[in-house]
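Since the structure comes first, as structure tokens, the remarks are kept for the end.
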There are 2 protein chains.
Amino acid sequence: MNLGTLDDVFREQIADLYSAEQQLITALPKVEAAAQNDDLKRALRSHLEETKGHATRLELILAELGGEIPREHCKGMEGLLAEGDEIASASGDPTAKDAALIAAAQRVEHYEIAGYGTARALADHLGKATARDLLEQTLDEESAADSRLTRIATGGFLRSGVNQAANA
Amino acid sequence: MNLGTLDDVFREQIADLYSAEQQLITALPKVEAAAQNDDLKRALRSHLEETKGHATRLELILAELGGEIPREHCKGMEGLLAEGDEIASASGDPTAKDAALIAAAQRVEHYEIAGYGTARALADHLGKATARDLLEQTLDEESAADSRLTRIATGGFLRSGVNQAANA
């Protein structure tokens, strides 16, 4: 990896996020299959469609950047999804498993919120207005997905909420 | 993994966070050594001390839980730290590398914010008041660490900010 300029950092961040989204597109149907609660299943299904849109936005940004795109494999997302896999294959009570799946999904959302936040700020700094707007749209959708998971946890099976704080 | 009750989920979450903190205690000195900016180095050093305190709080909670503690290895944190390692060993410009290190560190902070948020809400739900208070103290410190990184990025080398959004 060579980080000679902030442009390199931006390119690397976008490539990392693209790998993260691709991994998530593969993983989300398995998470949905493991979930029991109907609202949770629906939210995961709808987030899969959003995630495909996030990947498309990153493709637009990568096309605009041109040149050679670093071949990233996002190890952060790989680790987060490995945790989700362990939970999906755990034995136990459906409600407890759903609570643990929501916890894993909110770690993923927070990872993406941090990543898109950085990328948006870099785009802003580097004067890449189109990329900035695309990144902001995704950032808003990731935050909304996180809030939706909190609502499911608080409304669905935990009166006092699985993860109100993850939104704080 | 067996998740028979929400108590099991809580125990699993605490064990996961404990592994995450232990890995972070090992990794932070390497990240600090790779950083160039003095404020960033200082923030990482001070966060190492805080992180040791977070591990101690989790030990208190684990002691209170008693019984057999699941032997977790937090794969999420492992992946996040592998990304940080790649950046730390990258060639390039010190400012660009510092910006990428901050981006990686903020992904770690957000991971922990999501994790402690979930754990605190579960402790609340399960009536574990002492654990809840300990988790809240750490959650506040993780959020403050994230804000400190944003301030360094915005004040240090990027007028418009590396990652104001990660705090949004």
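A quick note: this is a predicted structure, and the numbers were derived from the prediction, not measured. Residue numbers begin at 1 in each chain, while the letters A, B, ... track the order of the sequences.
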Nearest heavy atoms of Leu6(A) and Ala99(B), plus distance in Å: CD2-CB, 3.7 Å

side-chain contact (heavy atoms from CB on, under 4.5 Å) partner of Lys75(A), the single match among Glu78(B), Lys75(B), Glu86(B): Glu86(B)

Ile87(A) versus chain B, heavy atoms under 4.5 Å apart: side chain, backbone, both or neither? both

Under 4.0 Å between a side-chain nitrogen and a carboxylate oxygen: does that hold for Asp16(B) and Arg107(A)? yes

Give, for atom CD1 of Ile102(B) and atom OG1 of Thr118(A), the distance between the pair rounded to the nearest 0.5 Å. 9.0 Å

Can you say whether Asn2(A) sits under 4.5 Å from chain B via the side chain, the backbone, both, or neither, judging by heavy atoms? both

Closer than 3.5 angstrom, by distance alone: can the side chain of Gln106(B) be matched with the main-chain N or O of Ala114(A) as a donor-acceptor pair? no

If you count heavy-atom pairs within less than 4.5 Å of chain B, which of Ser91(A), Gly4(A), Gly79(A), Ala104(A) leads? Ser91(A)

What's the separation between atom NE2 in His110(A) and atom CG in Asp146(B), rounded to the nearest 0.5 Å? 10.0 Å

Nearest non-hydrogen partners of Leu3(B) and Ala90(A), listed with the distance: CD1-CB, 4.1 Å

From the list Gln13(A), Glu72(A), Glu112(A), the residue making the most non-hydrogen contacts under 4.5 Å with chain B is Gln13(A)

